[in-house]
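First the structure, in the form of structure tokens, and then the observations on it.
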Amino acid sequence: MVTLTLEDVRAAVAAVLDPELPLVTIDELGILRDVSLVDGHAVVTITPTYSGCPAMEAIADDVRAALASVDAEGEVRTALAPAWTTDWISPSGRVKLAEAGIAPPGPAGSSGTVMLDLAVRCPRCGSTATRVVSRFGSTACKALRVCSDCAEPFDEFKPL
Amino acid sequence: MIPLATYALRLGDDALVLTQRLSEWSSRAPELEEDVALTNIGLDLLGQARVLLSYAGELEGEGRTEDDLAYLRDEREFTNVQLVEQPNGDFGVTIARQLLFSVYQLLVYGDLRASSDPTLAAVAGKAVKEVAYHVDHAEQWTRRLGDGTEESHDRMQAGIDAMWPFVAELFESDDLVAELAAAGVAVDPASVQAEWDRRVDAVLADATLTRPTPTWRARGGRSGVHSEHMGFLLAEMQHLHRSHPGATW
């Protein structure tokens with residue numbers, strides 16, 4: 001019998017992909033907040049990106065499946081505070097987003113309620129001459145932009 | 001219900017009823033981007049409503065879930081302000097309603113972040129960031145339509161005029177909210193009115209619109225008195241759940 005370690009559990013859970021952006025993991029997006037293992041019982045804490053994020057139930061199911069894959073017994077908890085911010089997206093997550101044609105978010109700003117419109121780089125041609133088409137895109141976390149140089153329309157992960 | 005549960009329900013009902021109105025724009029907005037924007041705003045509000053209704057049910061302690069509260073209460077048990085239940089009208093009316101309500105919600109949630117109740121503070125901490133985008137959306141459209149063509153100006157002004165009688169109710173206080181506010185739990189809506197006036201007046205001025213002086217005002221939403229539109233809204237929102245009791249996704 002091999003003893004399950006926290007590292008095993010954490011590695012399994014951290015590899016769960018985001019259902020709406022299946023190119024990045026929940027760890028890279030900062031959705032995975034904590035993993036603990038006490039007396040063989042794992043507790044995984046996740047946080048929603050937006051209050052109404054419809055992917056939360058799918059993510060919780062995937063986390064439970066990941067626990068089962070390493071024969072870990074445990075539960076998934078959801079925490080609302082501290083509120084998720086795009087600043088928690090990891091450097092590797094940002095690279096993967098950009099490679100998939102989704103402009104990674106700029107800094108979210110300390111108050112969280114002030115609209116910044118910093119230059120966003122076109123993921124296709126690299127130009128910073130891009131503009132917002134709509135603050136609301138294909139998912140709650142994205143905005144629609146278009147590049148003024150190459151005319152490419154693209155998604156931006158909007159700062160939150 | 002204990003006062004805290006009633007307060008959570010008020011905030012939740014505002015968000016839930018406006019969600020239902022915004023969802024009516026799905027596939028009917030003037031352009032695709034707006035279809036996506038209005039329904040995304042609705043989705044944010046639905047997320048806030050779900051947490052708040054669940055919390056109200058939990059505090060009540062009688063086993064009512066978010067679904068029970070959303071689908072099985074009658075009109076007189078809903079505690080939302082009348083502004084959010086008003087029909088969408090044309091796009092100008094919808095944007096006017098969004099402007100007046102989003103700025104209010106931004107200020108209330110902003111102060112509620114400091115609530116001594118951890119759940120309300122957590123909900124507000126997330127929601128305030130989402131609502132900042134809703135305010136931005138409404139402000140941009142108000143400016144564009146108000147300071148646009150003669151037609152768009154007139155329709156935006158008509159929207160503001162139609163929604164303005166519902167503004168006074170937003171800032172109404174009562175014993176329940178005053179006591180919770182004094183205890184550091186709730187935000188007394190009257191305390192955000194000056195900042196609301198300043199912010200909305202600035203947008204109206206930019207948009208070449210006139211602040212209306214209404215001849216009447218709505219009241220009673222917090223105690224379950226609603227406009228004639230509310231029953232129809234609830235009929236559409238609740239009929240599936242009531243026709244198939246206990247059905248889940």
Choice from A/Ser138, A/Ala81, A/Gly137 maximising heavy atom contacts with chain B below 4.5 Å: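 With the most close heavy-atom pairs to chain B, the winner is A/Gly137.
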Just give me the residue among A/Ser51, A/Pro54, A/Gly52 that pairs up with chain B most often, heavy atom to heavy atom, under 4.5 Å.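 Most heavy-atom pairs under 4.5 Å with chain B: A/Ser51.
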What do you reckon, is [atom1] of [X] surrounded by more than 12 foreign heavy atoms closer than 6.0 Å?
X: B/Arg10; atom1: CZ; result: yes
X: B/Glu236; atom1: CD; result: no
X: A/Glu57; atom1: CD; result: no
X: B/Arg222; atom1: CZ; result: yes

Quick one: what part of A/Thr78 sits under 4.5 Å from any heavy atom of chain B, side chain, backbone, both or neither?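 Neither part; nothing is under 4.5 Å.
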Report which part of A/Thr139 has an atom under 4.5 Å of a heavy atom belonging to chain B: side chain, backbone, both, or neither.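 It is the backbone, since no side chain atom gets that close.
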Between B/Asn40, B/Val36, B/Val51, which residue shows the highest count of heavy-atom pairs closer than 4.5 Å to chain A?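 Option with the greatest count: B/Asn40.
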Among B/Leu38, B/Ile41, B/Val123, single out the residue with the greatest number of heavy-atom pairs under 4.5 Å to chain A.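 Greatest number of close heavy-atom pairs with chain A: B/Ile41.
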About how many Å separate [atom2] of [Y] and [atom1] of [X], when rounded to the nearest 0.5 Å?
X: B/Leu32; Y: A/Leu144; atom1: CG; atom2: CG; value: 8.5 Å
X: B/Leu43; Y: A/Phe136; atom1: CG; atom2: CZ; value: 10.5 Å
X: A/Leu160; Y: B/Lys126; atom1: CG; atom2: NZ; value: 6.5 Å

Is A/Lys158 close enough and on-axis enough to B/Tyr133, meaning under 6.0 Å and within 45°, for cation-pi?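 Yes - A/Lys158 lies over the ring of B/Tyr133, closer than 6.0 Å to its centre and within 45° of its axis.
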Got a salt bridge between A/Arg135 and B/Glu130, using NZ or NE/NH1/NH2 to carboxylate O under 4.0 Å?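 No.
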Determine the minimum heavy-atom distance between B/Lys129 and A/Trp84, stating which atoms define it.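 In this case the closest contact between B/Lys129 and A/Trp84 is NZ-O, 2.6 Å.
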